[in-house]
Amino acid sequence: MARETKRARLARMHEEYAILCELIPAPACALDFADPFQLLVATVLSAQTTDRRVNTVTPELFDRFPDAATLGRARLEEVEEIIRPLGFYHAKSRNIIALAAQLEADHGGVVPATMDGLTALPGVGRKTANVVLGNAFGIPGFPVDTHVLRVTGRLRWRADWRDAHPDPAKVEREITACFPPEEWTDLSHRLILFGRSTCHARKPACGTCPLADSCPSAA
DNA sequence: ATCCCGAGGG
DNA sequence: CCCTCTGGAT
C-alpha cells in the first residue's frame with residue numbers, strides 16, 4: 001500500500017470518528033458527579049479499575065467524606081476499608097487523602113479549573129486533569145490513557161505510531177490538532193470505549209471491528 | 001488468563 | 001526507560 005498522505009489520513013480520521021459515533025450511541029460520562037471534588041476523587045480512583053466498580057464505593061466514601069476538608073483529615077484505615085474492592089487500595093487511600101489535604105491547603109477545598117492547578121495536585125496527571133476539566137467545567141480537553149495510545153497507534157492517527165512508548169502529552173497535542181476542541185472530550189471517550197470493547201490490547205476483535213476496512217493494522 | 005478510562009518513583 | 005501498586009469481573 002502506498003504511503004498515505006497527510007490529507008488522506010486526516011480524512012480517514014474523521015471518517016473513523018464518525019463510525020465510532022454510530023457505534024457508541026451514548027457518550028455519557030460514567031462517573032457522573034455534579035460536584036467537581038467528587039468527580040476528581042472518583043476519577044483518581046478509576047485508575048486500573050472500572051467505572052462500575054468505582055461507583056460501588058463512592059456512595060459510602062462521599063457519605064462519610066463529602067469534601068476536601070473531611071477527606072483530607074480522614075483516617076487512612078477507614079478509607080482503605082471503604083475502597084478496598086477497587087484494588088491498589090492502600091496507595092489510592094493515601095493518594096486521595098493527600099490530594100484532599102493539598103486541595104484544602106492550596107485552594108480552600110475548591111477544585112481548580114486549570115490544567116496547571118490540577119496537575120500540581122498529588123496523584124493527578126494530565127489524563128485525570130483533562131477528564132475533570134471536560135466533565136466538571138466544560139473546558140475542552142483530550143484525556144490520553146492506555147486505550148487512546150493503543151488505538152491511535154493501531155489506526156496510525158499519529159506520526160509516531162511505531163513508537164512502543166509514545167509520550168502521552170505529545171499524542172494529546174498531535175490528535176487535538178486534527179479535531180475541533182468541542183469534539184476532543186467526546187473523541188477521547190469514544191476511543192477509550194472502543195479500545196475496551198473491540199480494540200483490545202492482546203486480542204483485538206478485528207473480525208467484528210467496524211473500522212477494520214480502513215484500519216492499517218487490521219489482521 | 002486477561003483486563004480494568006494511571007501516576008509516581010527509581 | 002522500567003517498575004510497582006491490587007482486587008474483582010469476565
Side-chain angles (χ1 to χ4, degrees), chain A residues 17 20 23-24 26-33 36 38-58 60-61 76-77 79-103 115-136 140-154 157 160 162-172 175-176 183-206 208:
Chain A
Y17 174 44
L20 289 183
L23 174 74
I24 301 158
C29 181
L31 265 21
D32 191 21
F33 295 94
Q38 298 190 356
L39 175 65
L40 173 60
V41 172
T43 305
V44 168
L45 290 180
S46 75
Q48 283 305 114
T49 326
T50 61
D51 44 3
R52 259 210 315 268
R53 247 176 302 152
V54 171
N55 284 329
T56 65
V57 305
T58 46
E60 186 180 357
L61 181 67
L76 178 64
E77 294 76 16
V79 176
E80 284 182 335
E81 191 184 332
I82 297 172
I83 71 167
R84 176 159 299 127
L86 300 183
F88 299 101
Y89 63 89
H90 184 60
K92 280 180 176 176
S93 295
R94 281 189 306 189
N95 280 168
I96 61 175
I97 291 171
L99 167 62
Q102 193 76 37
L103 187 59
M115 176 60 74
D116 287 347
L118 283 165
T119 52
L121 296 166
V124 182
R126 290 191 68 86
K127 191 270 175 182
T128 302
N130 271 319
V131 169
V132 171
L133 288 173
N135 293 300
F142 186 71
V144 175
D145 72 337
T146 56
H147 298 292
V148 172
L149 290 178
R150 183 178 68 254
V151 172
T152 56
R154 283 182 179 158
W157 277 24
D160 63 341
R162 295 168 190 278
D163 191 345
H165 301 287
D167 174 10
K170 186 180 166 191
V171 172
E172 186 185 324
I175 302 298
T176 53
E183 292 179 352
W184 293 346
T185 301
D186 181 74
L187 173 63
S188 166
H189 190 219
R190 289 193 208 263
L191 289 176
I192 289 167
L193 295 181
F194 170 64
R196 292 184 60 183
S197 63
T198 307
C199 197
H200 304 112
R202 320 273 166 122
K203 257 189 67 180
C206 301
T208 57

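First the proteins, then the strands, lettered A, B, ... as listed; each starts at 1. Quick caveat, the model's predicted, so the values are computed rather than measured.
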- Item | Side-chain heavy atoms of Asn95(A) within contact of Phe88(A), under 4.5 Å |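 No, side chains not in contact.
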- Query: Are Arg126(A) and Pro168(A) side-chain neighbours, meaning at least one heavy-atom pair lies under 4.5 Å?
  - Reply: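 Answer no - side chains too far apart.
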- Task: Could you tell me whether a side-chain N or O of Trp184(A) sits under 3.5 Å from a main-chain N or O of Thr176(A), the two making a donor and an acceptor?
- Result: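 Yes; judged by distance alone, with no hydrogens or angles, the pair exists.
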Rounded interatomic separation in angstrom, taking [atom1] from [X] and [atom2] from [N]:
X: Phe88(A); N: dC3(B); atom1: CZ; atom2: P; result: 15 Å
X: Asn95(A); N: dT6(C); atom1: CG; atom2: P; result: 10 Å
X: Leu86(A); N: dC3(B); atom1: CG; atom2: C1'; result: 15 Å
X: Ile83(A); N: dC5(C); atom1: CD1; atom2: P; result: 16 Å
X: Ile192(A); N: dG6(B); atom1: CD1; atom2: P; result: 8 Å
X: Leu40(A); N: dA7(B); atom1: CG; atom2: P; result: 11 Å
X: Gln48(A); N: dT6(C); atom1: CD; atom2: P; result: 13 Å
X: Arg53(A); N: dG7(C); atom1: CZ; atom2: C1'; result: 7 Å

- Could you tell me whether Val44(A) contacts a base, only the sugar-phosphate backbone, or nothing, with contacts defined as non-hydrogen atoms closer than 4.0 Å?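 Counting heavy atoms under 4.0 Å across all strands, no contact is made by Val44(A).
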- Heavy atoms under 4.0 Å, any strand shown: does Thr49(A) hit a base, just sugar-phosphate, or nothing?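 The answer is base, as Thr49(A) lies within the cut-off (heavy atoms under 4.0 Å) of a base atom.
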Among [options], the one nearest [X] by side-chain distance:
X: Ala47(A); options: dC2(C), dC4(B), dG6(B); answer: dG6(B)
X: Pro85(A); options: dC2(C), dG8(C), dT6(C); answer: dG8(C)
X: Lys127(A); options: dC4(B), dG6(B), dC5(C); answer: dG6(B)
X: Tyr89(A); options: dC2(C), dG7(C), dC5(C); answer: dG7(C)
X: Thr128(A); options: dA7(B), dC5(C), dC4(B); answer: dA7(B)

- Pick the nucleotide of DNA chain B nearest each of Arg202(A) and Arg126(A); which residue has the one closer to the 5' end?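 Per heavy-atom nearest nucleotide, the more 5' residue is Arg202(A).
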- Message: Can you work out whether Thr50(A) or Gly123(A) has the more 5'-proximal nearest nucleotide on DNA chain B?
- Response: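 Between the two, 5'-proximity favours Thr50(A).
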Is [X] close enough to [N] that one of its side-chain N or O atoms is under 4.0 Å from OP1 or OP2 there?
X: His147(A); N: dC3(B); value: no
X: His200(A); N: dC3(B); value: no
X: Arg52(A); N: dT10(C); value: yes

- Query: Quantified in whole Å, what is the P atom distance between nucleotide dT6(C) and nucleotide dT2(B)?
  - Reply: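 After rounding to an integer number of Å, I get 23 Å for this pair.
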- Query: Nearest 0.5 Å, what's the CZ-OH distance between Arg84(A) and Tyr89(A)?
  - Reply: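 The OH atom of Tyr89(A) is 5.0 Å from CZ of Arg84(A), to the nearest 0.5 Å.
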- Query: Applying the side-chain contact (heavy atoms from CB on, under 4.5 Å) test to Arg190(A), which of Leu193(A), Leu187(A), Asp186(A), Ile192(A) qualifies?
  - Reply: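 With Arg190(A) as partner, Leu193(A), Leu187(A), Asp186(A), Ile192(A) yield a single side-chain contact (heavy atoms from CB on, under 4.5 Å), made by Asp186(A).
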- Only one of Leu103(A), Thr128(A), Val124(A) forms a side-chain contact (heavy atoms from CB on, under 4.5 Å) with Leu118(A), so which one is it?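 Of Leu103(A), Thr128(A), Val124(A), side-chain contact (heavy atoms from CB on, under 4.5 Å) with Leu118(A) is met by Val124(A) alone.
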